[in-house]
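We number each residue from 1, following the sequence as shown.
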Amino acid sequence: MKRKITIPFLVVLLIALDQAVKYYIVSNFSLGQVRKFIPKIVSLTYLRNTGAAFSILENQQWFFALITCTVIGVAVWYLLKNIQGSKWLLTGLILIIAGGLGNFIDRIQQGFVVDMFQLDFVNFAIFNVADMYLTVGVVILLLVILKEETNGIEN
């Protein structure tokens with residue numbers, strides 16, 4: 001029972017953090033402005049992304065809404081089905097749900113996603129907190145699946 005109460009709280013907390021960072025950037029940066037955050041590692045840059053990662057499929061908001069609803073729906077279903085599963089499985093799903101909803105809120109409210117983290121040591125897409133949730137969540141799920149597959153082979 002405790003997990004059922006904690007999970008929504010964690011999702012809301014993660015979304016609130018994502019939205020707070022985006023609000024800070026929009027309120028304190030002009031569009032395209034760059035400020036050093038951790039020198040030679042990360043800068044903060046206010047960008048509006050109307051596409052997906054690396055700005056692919058720009059201005060396809062209907063497509064992103066459909067994909068987001070599908071992914072979140074599947075993640076919520078899988079989470080409820082496996083509510084007694086490992087903490088790693090639940091963590092991965094929570095991160096995916098929170099990340100998807102964080103960016104979905106931007107797309108619905110503004111028609112674009114606010115991005116801000118720019119890696120200074122490599123040429124990489126500028127991203128946001130929700131993107132980090134999604135990335136880490138997917139990696140965790142992949143590791144959980146690989147571990148389950150490996151354990152299944154050994155048995």
Q: Could you point out which residue of Asp115, Asp18, Leu134, Asn103 forms a side-chain contact (heavy atoms from CB on, under 4.5 Å) with Val129?
A: Asp18
Q: Would a hydrophobic clustering, with Ile, Leu, Val, Met, Phe, Trp and Tyr connected at side-chain separations under 4.5 Å, put Val12 with Val76?
A: no
Q: How long is the gap from CG on Leu89 to CG on Asn82, to the nearest 0.5 Å?
A: 5.5 Å
Q: Can you name the nearest heavy-atom pair linking Cys69 to Phe104, along with the distance?
A: SG-CZ, 4.0 Å
Q: Judged by atom type as modelled, is there a donor-acceptor pair below 3.5 Å linking the side chain of Tyr133 to the main-chain atoms of Leu14?
A: yes
Q: Do you know the tightest heavy-atom contact between Leu93 and Tyr78?
A: CD1-CD2, 3.7 Å
Q: Taking Val114's backbone N and O only, do any of them form a donor-acceptor pair with Asp106's side chain (distance below 3.5 Å, no angle check)?
A: yes
Q: If you look at every heavy atom in Ala130 and Lys22, which pair is closest and at what distance?
A: CB-NZ, 4.2 Å
Q: What is the distance from atom OG1 of Thr150 to atom CD of Glu148, rounded to the nearest 0.5 Å?
A: 10.0 Å
Q: Parallel, tilted or perpendicular: which fits the ring planes of Phe117 and Phe127, with parallel below 30° and perpendicular above 60°?
A: tilted
Q: With a 3.5 Å distance limit and no angle check, can you tell me whether Asp131 reaches the backbone of Asn128 through a side-chain donor-acceptor pair?
A: yes
Q: Would you check if Tyr46 and Val26 make a side-chain contact, meaning some heavy-atom pair closer than 4.5 Å?
A: yes
Q: Please tell me whether Leu47 and Val122 are part of a single hydrophobic cluster in this structure, the criterion being side-chain heavy atoms less than 4.5 Å apart.
A: no
Q: Got Thr45 and Met116 here, is their nearest side-chain heavy-atom distance under 4.5 Å?
A: no
Q: Can you tell me how far CD1 of Ile145 sits from CD1 of Ile140, rounded to the nearest 0.5 angstrom?
A: 12.0 Å
Q: Are any non-hydrogen side-chain atoms of Leu141 and Leu95 less than 4.5 angstrom apart?
A: no
Q: Establish whether Val139 and Val74 are linked, either directly or via other cluster members, by ILVMFWY side-chain heavy-atom contacts under 4.5 Å.
A: no
Q: For residues Ile38 and Ile126: do they belong to one hydrophobic cluster (side chain heavy atoms under 4.5 Å, members Ile, Leu, Val, Met, Phe, Trp, Tyr)?
A: no
Q: Taking all non-hydrogen atoms of both residues into account, name the closest pair between Ala75 and Ile97 and its distance.
A: CB-CG1, 3.6 Å
Q: Does one hydrophobic cluster hold both Ile41 and Phe124, with members joined at side-chain heavy-atom distances below 4.5 Å?
A: yes
Q: First locate atom CE of Met132, then atom CG of Leu17, and finally report the distance between them rounded to the nearest 0.5 Å.
A: 8.0 Å
Q: Just by distance, do the side chain of Gln33 and the backbone of Ser30 share a donor-acceptor pair under 3.5 Å?
A: yes
Q: Check step by step if side-chain hydrogen bond (donor to acceptor under 3.5 Å, both in side chains) holds for Ser43 and Gln118.
A: CA-CA 5 Å; Ser43 294; Gln118 178 176 341; 5.6 Å; no
Q: Could you pull out all residues at least two apart from Val71 that satisfy side chain to side chain contact (heavy atoms under 4.5 Å, CB included)?
A: Ile67, Ile96
Q: Which distance, rounded to the nearest 0.5 Å, do you find between the CG of Leu79 and the CD1 of Ile7?
A: 4.5 Å
Q: Stepwise, does the side chain to side chain contact (heavy atoms under 4.5 Å, CB included) test hold for Leu101 with Ile72?
A: CA-CA 8 Å; Leu101 287 172; Ile72 290 171; 3.4 Å; yes
Q: Looking only at heavy atoms, which two atoms of Asn49 and Arg107 are closest? And how far apart?
A: O-NH1, 4.2 Å
